[in-house]
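Structure first, commentary second.
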Amino acid sequence: MPVKGSPENYDRFDKVDESLNLFNKMIQKCPKPSIVEFTKLLGATVRMKHYAAVVYMCSQMDFVGVPHDAYSLSVLINCFCQLGQTDFGFSVLGKMIKIGVEPSAVTFSTLINGLCKQRKISQAASLFDGMVEKGYQPHLITYSTILNGLCKTGDTRRAVRFLRMMEARGFKPDIVVYNTVIDCLCKCGLLKEALDLFSEVKVKDNRPNIITFSCLIHAIILIDAFCKDGLIFQAVDTIHTMRKQGLEPNVVTYTTLVDAYCKKGMVFEAKDIVDKMRKQGIQPDVVMYNILVDAYCKKGMVSEAEDIVDTMRKQSIEPNVVTYSILADAHCKKGMISLKLKASSTQ
DNA sequence: CTAGGGTTAG
């Protein structure tokens, strides 16, 4: 949540204030500006993420008799969806049909997105089927939205079927779509299927990108953590393969490795990765350092952990709430241990 | 002219 009084918030406030001022001028004008002009303003306000303001403006437009069209009403639907009130979005759709404004593929995609955000995937899927039946052409990203919803709710099987269906309908999935499914398969522990899809991506002229690789590396490491020791080397090997393909690992890729070593209690190996990374000119971030700080604390090396926090500051990476929580937690636990020791020594 | 929308690490 935004903090009241933060500078960027005031900045934002000024801008919404401006759009509301402009809006008031527009509705007072005698020949009213066209709906296109209003929609431009609505769009600008949406970009500032002030959805409630847009809802207000739309109702005022109704009040003064500015006629809505498919564009302005789609904006309104989007605002309800963003506010988590997809059902109101559907009422707007009903109103659209009632007043004879033809919804477009964008209108339906907006509602589908809203449903997916609320994890109502089956409703999203039937709306999707409905729009196709009525002859509206969904875009690649409409497919992607549904697919993402299926993956997020853990419906991996259906996600794979959906991927095949979109291919059958002549949509060429892009790397983002493949990454979504590959990650989903990885998270379900279906590494073999993920790797199969991965080689399929290579065969088609879609090049795997850094995200594709990071998903696979993360999956290999998870398997290592849960059942098969020694797979970290395979993960490192995958990084080499990545490099050969001209993809340089980034902080995220390395964080996966650092996390893996830390979970095994191999903090020095983890620290080593951070150092090597820096030598390559890749800046670690708070996330990565927090993992390292946590691992040191868990080993009882609290002062070493604090040294790392100092190093962070020297590299002008500011520790965040998570960093301080880790340290505070470590100090508490340490305190408990010394208390226990005291207690046992007095007995 | 003006609208919607997707991926990784804690």
Side-chain angles (χ1 to χ4, degrees), chain A residues 33-47 54 58 68-82 89 92 96 101 103-117 124 128 131 136 138-152 159 162-163 166 171 173-187 194 201 206 208-219 221-222 235 249-260 262-263 284-295 320-323 325-326:
Chain A
S34 71
I35 184 67
V36 175
E37 290 308 312
F38 276 105
T39 310
K40 280 180 188 165
L41 180 61
L42 296 178
T45 315
V46 167
R47 262 170 260 129
V54 175
C58 285
H68 280 286
D69 67 0
Y71 286 76
S72 65
L73 290 176
S74 294
V75 174
L76 178 60
I77 291 175
N78 180 35
C79 289
F80 279 127
C81 289
Q82 297 292 340
V92 177
M96 263 174 107
V101 173
S104 68
V106 174
T107 317
F108 290 113
S109 293
T110 307
L111 284 164
I112 288 169
N113 184 45
L115 288 170
C116 285
K117 274 213 172 91
F128 182 87
M131 75 179 274
Y136 291 99
H139 291 177
L140 172 66
I141 296 188
T142 317
Y143 279 94
S144 181
T145 305
I146 301 258
L147 196 61
N148 190 32
L150 290 173
C151 289
K152 283 265 154 65
F162 196 82
L163 173 73
M166 66 182 283
F171 276 91
D174 62 6
I175 191 62
V176 175
V177 169
Y178 282 118
N179 285 347
T180 308
V181 183
I182 287 174
D183 184 50
C184 184
L185 289 167
C186 284
K187 291 217 166 97
V201 174
N206 249 323
N209 62 14
I210 184 137
I211 294 175
T212 327
F213 275 102
S214 291
C215 293
L216 289 177
I217 291 165
H218 188 222
I221 280 165
L222 278 183
N250 63 11
V251 203
V252 179
T253 323
Y254 282 121
T255 301
T256 315
L257 268 186
V258 169
D259 192 31
C262 285
K263 283 210 175 84
D285 63 4
V286 204
V287 178
M288 181 174 251
Y289 272 125
N290 283 348
I291 294 173
L292 204 56
V293 170
D294 189 46
N320 63 12
V321 202
V322 178
T323 325
S325 306
I326 294 167

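All chains are named by letter (A, B, ...) in the order of the sequence lines, taking the proteins before the strands, and each is independently numbered beginning at 1. Side-chain atoms are counted along with the backbone in the values below, which use heavy atoms only and exclude waters and symmetry mates.
Residue contacts for A/Val177: at a heavy-atom cut-off of 4.0 Å it reaches a base atom on one of the strands shown. Heavy atoms of A/Asn148 sit under 4.0 angstrom from primed sugar atoms or phosphate atoms, though from no base atom. Across all strands shown, A/Asn250 has no heavy atoms under 4.0 Å from either base or sugar-phosphate atoms. A/Asp174 comes within 4.0 angstrom of a base, heavy atoms only. If you check every strand for non-hydrogen atoms under 4.0 Å, A/Thr253 touches nothing. Within the 4.0 angstrom heavy-atom criterion, base atoms lie near A/Ser74. Here A/Lys152 lies in heavy-atom contact (under 4.0 Å) with sugar-phosphate atoms only.
Residue-to-nucleotide contacts include no donor-acceptor pair under 3.5 Å from the side chain of A/Thr145 to the base of B/dG6. At a cut-off of 3.5 angstrom, the base of B/dG6 holds no donor-acceptor pair with the side chain of A/Asn179. At a cut-off of 3.5 angstrom, counting only N and O atoms as typed in the model, there is no donor on one side facing an acceptor on the other between the side-chain of A/Thr107 and the base of B/dA3.
Using a 4.0 Å cut-off, some side-chain N or O of A/Gln82 falls inside it from OP1 or OP2 of B/dG5. Of the side-chain N and O atoms in A/Lys117, none sit less than 4.0 angstrom from OP1 or OP2 of B/dG4. A/Lys40 has no side-chain polar atom (N or O) that falls below the 4.0 Å cut-off from OP1 or OP2 of B/dA3.
Comparing B/dT8, B/dA3, B/dG4 against the side chain of A/Thr142 picks out B/dG4 as the nearest. Checking B/dG4, B/dT7, B/dA9 against every side-chain atom of A/Val287, the shortest atom distance belongs to B/dA9. For A/Asp183, counting side-chain heavy atoms from C-beta on, the closest listed nucleotide (B/dT8, B/dA9, B/dG6) is B/dT8. Residue A/Val75 places its side chain closer to B/dA3 than to any other of B/dA3, B/dG4, B/dT8. Distance from the side chain of A/Val286 is smallest to B/dG10 among B/dT8, B/dG6, B/dG10. Residue A/Val252 places its side chain closer to B/dA9 than to any other of B/dG10, B/dT7, B/dA9. Of the candidate nucleotides B/dT7, B/dA3, B/dG5, B/dG5 has the atom nearest to the side chain of A/Asn78. Side-chain proximity of A/Ile211 to B/dA9, B/dA3, B/dT7: nearest is B/dT7. Side-chain proximity of A/Asp259 to B/dT7, B/dG10, B/dG5: nearest is B/dG10. Proximity note for A/Thr255 (side chain, C-beta onward) versus B/dG6, B/dT2, B/dA9: the nearest is B/dA9.
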For residues 38-46 of chain A, dump all side-chain donor-acceptor pairs below 3.5 Å to protein atoms at least two apart in sequence or in another chain.
from	atom 1	to	atom 2	distance (Å)
A/Thr39	OG1	A/Ile35	O	2.7
A/Lys40	NZ	A/Glu37	OE2	3.4
A/Thr45	OG1	A/Leu41	O	2.7

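With hydrogens and angles ignored, the 3.5 Å screen pairs no side-chain donor or acceptor of A/Asn148 with any backbone N or O of A/Thr180. Of the possible polar contacts, one joining the A/Tyr136 side chain to the A/Pro103 backbone as a donor-acceptor pair under 3.5 Å is found.
Side-chain contact annotation: A/Asn78 with A/Asn113, donor-acceptor N/O pair under 3.5 Å absent. Side-chain contact check for A/Thr323 and A/Asn320: at least one donor-acceptor pair (N or O, by modelled atom type) lies under 3.5 Å.
For the pair A/Leu185 CG and B/dT8 P, the interatomic distance rounds to 14 Å; values are reported in whole Å. For A/Arg47 and B/dG4, the CZ to C1' distance is 13 Å, given to the nearest whole Å. One interatomic measurement links the two molecules: CZ of A/Phe38 to C1' of B/dA3, which rounds to 17 Å at whole-angstrom precision. When the P atom of B/dG4 is taken as reference, atom CG of A/Leu115 falls 17 Å away, rounded to whole Å. For A/Leu257 and B/dT8, the CG to P distance is 19 Å, given to the nearest whole Å. Atom CE of A/Met131 and atom C1' of B/dA3 are 14 Å apart (whole Å). In this structure, the CG atom of A/Asn290 is 12 Å from the C1' atom of B/dA9, given to the nearest Å. Here B/dG10 presents its P atom at 7 Å from CD1 of A/Ile291, a figure rounded to the nearest Å.
Of all the heavy atoms in A/Ile77 and A/Gly89, the pair that sits closest is CG1-O, 3.6 Å.
Using the six-membered ring where Trp is involved, A/Phe128 and A/Tyr143 have ring planes that are perpendicular, over 60° apart on the 30 and 60° scheme.
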